[in-house]
Structure formats: C-alpha cells, structure tokens
**Q** 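Could you have a look at this structure, given as structure tokens, before my questions?
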Amino acid sequence: MNTLSKITLAALLSLSPGLLWAGGSLDKAANEVQLPIHKSRSLMLDRPASRVSVGNPAIADVLVLQDRELYLVGKSLGHTNLMVWDMNDALMQVYDLEVSHDLQGLKERLYRFLPNEPIQVHTSQGQLVVSGEVSDLARMNAAYELARGYVVAAEGGVARSEVMNMMSVGGGQQVMLEVTVAEVARDTSRSWESAFELLESSGNWGFSLLRDSVDQLTSFGSNTVVAGFASADTVFNVALDLAKTRGLARVLAEPRITAISGQSAEFLSGGEYPVPVPTEDGVAVEFKEFGVGLKFTPVVLSSGKINLNLNVSVSEPVVANSASVPLFGDITALSKRSAGTTVELGDGQTISIAGLLSENTRESVRQLPFAGDIPVLGNLFTSRSFTKGESELVIMVTPRLVRPFDKQQVTLPTDGFIEPNDMEFYLLGKMSQRNRVGDQAPMAESYGNTGMSPAVTEGGMEQTYGQSL
C-alpha cells in the first residue's frame, strides 16, 4: 500500500462513526430522526440488531422491541445520538436524534384557528421559532400565544425559554391620524383697591395710619383716583382703583401624523422650558415639554377597522400661576389638558375622545378691622377682587388609511414665497410676494382654496391636506 492510500484510509477511519456503515458510507440526512417531546415512535432497521446505545438518556430513551424494531421516547428538549450494532457486534447505524416541540400539533392548531395565515414553525436547539407574514397584529399575537402554550407544556408548566417571534405584519397598511383640539377660554375679573395714608402731628407728638403702604398709592393701574388733603398738622392721601377686565383665548390645533400599522409615532408642536432640580452636586436643569403633543399606535384589523391607542396633551406655561421657590427663584407653572384612551374606528370615521366644560369663580375681600364695616366710608378701608373663568375644550380624532403620493403634485406652504425688495418692504409695507411677474419660481398646482398638500387614501380618493381628509 502506498503512502497516499495509507493517508486516505487513516482520514476515513478518523471520521465520526455516524458517517460510516460497517460496509460503506452513510447518507447523513437519512440518519436524522425528529421526535416530539413526551411522544414515542418506532424505528425499523434493515437488518437485525444486537444492542443499542443513547448518548444522553435524559433526552431520549430507546427500547428494542424486536431484532429489527426500536421504540423511541422523547423525554426532554435537545439533541443526542443513537448507535446500533448488528449481530456481529459491528456498528451498523448512527442516528442523530432531535427531541423538539410538537411541531405537527402546533401546525394543526394554527391552521384551525388561523386558516388563512401562512405561518411556519421550526425548532432550533430546543427553541421554538415561528415565522411568516400575517395580515394584522392581532393575528400575530394570537399565533404567538398558541406557540407559547406549547413551550409551557413542553417545559413542565414553567416557561424557561421564550418563543422566537420572526413573524411580521404584511401589507402597506399605513394610518394617518388627524386630531382636532378646539378650546375657548373666557375670563372676567373686577377689582376694587384702596389705599390711604394719614399723618397727624400735634406739638411734640405725632402718629400715622397706613392702609397697605405708601408705595401702593402710585402702583395702581390707569384707572386710579388719587386725592389728598394737607394742613399744618394733618396730611391725608387716598388712592382708589376700580378695574374690570375681560379676556378671551382660542386654541385650535390640528396635528397630523402617519405611522405603519403596529408601530408607534409621536408628534410635538411646542417647546421646552428649564426647571431647576436639586442634585447632590448642586442644581441641575431639566427641560419640560409643552405645546400640542400626540402619541399613538395604530393597528389595522382584518375587518378593516383601525384600533388606536393614543395620548393627546395640550399644555402651555402660565406665568400668573408661577411659584417662588427658595434658592431657585420663580418657577413657571404649566396648564395642561390631556387624554389617553383606546378606541376602534373605521377608515375616515371621527370620534370625540375628550371634552371639558369648566367654570370657576374666586372672590376675595381685604379690609381694615372695624373701619371696613362702616357704611359707605368703609369702602375706603376695603379691597375686593372677583374673578370668573370659563373653559370649553373638545378633542376629536379621525384615522385614515393612506399611501404615499407624488411629490410633484404637492403644494407646500413655502412654495411661491419670494422675499420682497427694498421698495416693496419700505414703501408698500409688504412682507412677502407670491407669483410676482418675471419670477420663474415653479409652483405646484393648488388644490381647492387651501394651496396645501393632497393625499391619497387606500380607496384611491384624492383629498386635500388641511381640509377634511
């Protein structure tokens, strides 16, 4: 035997015995045996066997029923091997055993409860893997829970491993959410403020009587009436302030944001203001958001309806309600209206998710004891204030199925904006020009009277962004 033949024979002998028959090579794919956990199956041999051996008896057990039939039982998840010897005590076969979850049973359940979903089930090193493209998130969650039930059953009621979820939600289901926040706030206040100063001297004696302070005589508003009397021994000054104010605030916000089904989206139109926060090293600054905020997660259901989990907030700093904190100074308060809910709507349907109708009244009286109770003249020693506020708020949401549109068919708010020249700015007072003669700036076609952007829904209807979409 030459040197090359010796090397080849030594290489073959060094291979795993599972790749060799006693008289020739084995097909490795034919030696793979998959066994569901806690189930059994029989394995037929092509010739009689004298003895068998399992690599890990904790994973699988084997029993020789007849000289050519083996009985296998899956005990726990994992991989092992099975070796079989013939009557001549020669190795005749090596099987690669994989004890896995009951994949066939799980496939049958998925087909029964989710018949139109192409979900695939696999196993990898004892871990259950589900994959495929499902129609919506609810069906994907149902398939995941079915698979997890098999994991719990296979591991004795305690899930020590998780299902590897490789499923995805198919289709171009994108949802645009329109939110309308409308609020009207009215407030009325009336005030009567008075302050006086009385100085009296006689000989070497003198006394003074003050209502509030002398500085307040000149700190009242434009409706102040000031009078005074002075003689050789007496000085009397008085200030009266009568005011009535009315306020009206109107808030209308219409944020719009688009997200794919099953994914979350956030929107904030506002800003941040600094708030000092004490720390171990001194003082740090945190920024708090305010404005119109929107967070939502849409899920397009198989029925065509849209499930929405959303949070809407409208907030603004209120200087009048600021608080003074030692070492930090004045901290601005925040007026906030928010709503969080989960609703289910059809494409284009609108629902009001929150509303507010509030009314508050505050009245305060300050007076000098005893003197303030004198009829008529007691008003000089009294200050009154009356404040009444009313607020009406409504939040409406409208989900729509949308698809991308051609950018060339969109008119943006900045399209056609041209900076005015010096003559137009100083002489004519113009801040901008649109479609000035001689300019070649391209402008997209305007839709309706808005000049805003069109969008196309799943149904193919052309709509105008800025109006009802």
Side-chain angles (χ1 to χ4, degrees), residues 176-191 221 243-259 264-278 283-297 308-343 350-364 385-399 413-414 431 450 452 465-469:
M176 180 178 67
L177 185 66
E178 305 173 15
V179 178
T180 301
V181 180
E183 180 184 18
V184 174
R186 295 175 291 271
D187 62 86
T188 302
S189 63
R190 296 191 295 268
S191 63
K244 181 177 181 180
T245 60
R246 296 177 179 175
L248 176 65
R250 175 180 177 269
V251 177
L252 178 62
E254 294 182 319
R256 286 167 169 81
I257 188 170
T258 303
S264 300
E266 298 183 9
F267 172 87
L268 175 65
S269 176
E272 296 180 338
Y273 67 95
V275 176
V277 177
V283 179
V285 177
E286 292 185 358
F287 289 87
K288 301 295 184 179
E289 295 180 346
F290 69 91
V292 179
L294 170 63
K295 299 179 181 180
F296 85 109
T297 303
L308 291 174
N309 181 280
L310 56 93
N311 289 274
V312 183
S313 65
V314 182
S315 58
E316 58 182 346
V318 181
V319 179
N321 295 336
S322 61
S324 180
V325 179
L327 303 179
F328 298 128
D330 293 339
I331 297 180
T332 303
L334 195 67
S335 175
K336 184 176 181 180
R337 285 82 67 201
S338 62
T341 185
T342 300
V343 296
T350 302
I351 190 172
S352 176
I353 64 167
L356 172 67
L357 177 60
S358 64
E359 179 178 340
N360 59 81
T361 303
R362 286 190 296 240
E363 186 174 3
S364 63
S385 65
F386 173 83
T387 304
K388 179 179 180 181
E390 296 178 349
S391 179
E392 299 178 21
L393 171 70
V394 64
I395 300 176
M396 297 183 297
V397 295
T398 306
T414 55
M431 302 297 295
T450 63
M452 302 300 285
Y465 183 89
Q467 295 177 337
S468 65
L469 294 179

**Q** Should R337 and S335 be marked as a side-chain hydrogen bond (donor to acceptor under 3.5 Å, both in side chains) after you check the CA-CA gap, both sets of side-chain angles, and the distance that decides it?
**A** CA-CA 7 Å; R337 285 82 67 201; S335 175; 3.0 Å; yes
**Q** Under the side chain to side chain contact (heavy atoms under 4.5 Å, CB included) test, which residues partner R246, sequence neighbours left out?
**A** T188, K244
**Q** Among all residues two or more places apart in sequence or in another chain, which pass the salt bridge (charged side-chain N to carboxylate O under 4.0 Å, His left out) test with R190?
**A** none
**Q** Only one of I353, V179, T180 forms a side-chain contact (heavy atoms from CB on, under 4.5 Å) with M396, so which one is it?
**A** T180
**Q** What do the steps show when you test V181 against L393 for side-chain contact (heavy atoms from CB on, under 4.5 Å), and what is the final call?
**A** CA-CA 7 Å; V181 180; L393 171 70; 3.9 Å; yes
**Q** For the CG atom of L334 and the CD atom of E316, what is their distance to the nearest 0.5 Å?
**A** 8.5 Å
**Q** Report the residues that fulfil salt bridge (charged side-chain N to carboxylate O under 4.0 Å, His left out) with E390, sequence neighbours left out, ordered by chain and then residue number.
**A** R186, K388
**Q** Sequence neighbours left out, what passes side chain to side chain donor-acceptor pair (under 3.5 Å) with T245? Give chain and number order.
**A** S189
**Q** Please list all pairs passing the salt bridge (charged side-chain N to carboxylate O under 4.0 Å, His left out) test where one or both residues lie in residues 265-278, with sequence neighbours left out.
**A** none
**Q** Using every non-hydrogen atom in the two residues, find where R256 and E254 come nearest and quote the distance to one decimal.
**A** NH1-O, 3.3 Å
**Q** Run the salt bridge (charged side-chain N to carboxylate O under 4.0 Å, His left out) test against E286 and tell me which residues pass, sequence neighbours left out.
**A** K288
**Q** Can you sort out the partners of A284 under side chain to side chain contact (heavy atoms under 4.5 Å, CB included), two or more places apart, ordered by chain and number?
**A** T279
**Q** Give me the atom names and distance for the closest heavy-atom approach of G340 to N311.
**A** CA-OD1, 3.4 Å
**Q** Which residues pass the side chain to side chain donor-acceptor pair (under 3.5 Å) test with S364, sequence neighbours left out?
**A** S385
**Q** With sequence neighbours excluded, tell me which residues meet side chain to side chain donor-acceptor pair (under 3.5 Å) with S358.
**A** none
**Q** Measuring from E392:CD to E183:CD, what's the distance to the nearest 0.5 Å?
**A** 9.5 Å
**Q** What's the spacing between S313 OG and I395 CD1 if we round to 0.5 Å?
**A** 8.5 Å
**Q** Assess the residue pair L177 and V397 against the criterion (side-chain contact (heavy atoms from CB on, under 4.5 Å)); give the C-alpha distance rounded to whole Å, side-chain angles, the decisive distance to 0.1 Å, and a yes or no.
**A** CA-CA 7 Å; L177 185 66; V397 295; 4.2 Å; yes
**Q** Name the atoms and distances for all side-chain donor-acceptor pairs under 3.5 Å in residues 289-297, with sequence neighbours left out.
**A**
unit_1	atom_1	unit_2	atom_2	d
T297	OG1	S264	OG	2.7

**Q** Mind checking side chain to side chain donor-acceptor pair (under 3.5 Å) for T342 and listing every partner two or more places apart, or none if nothing turns up?
**A** N309
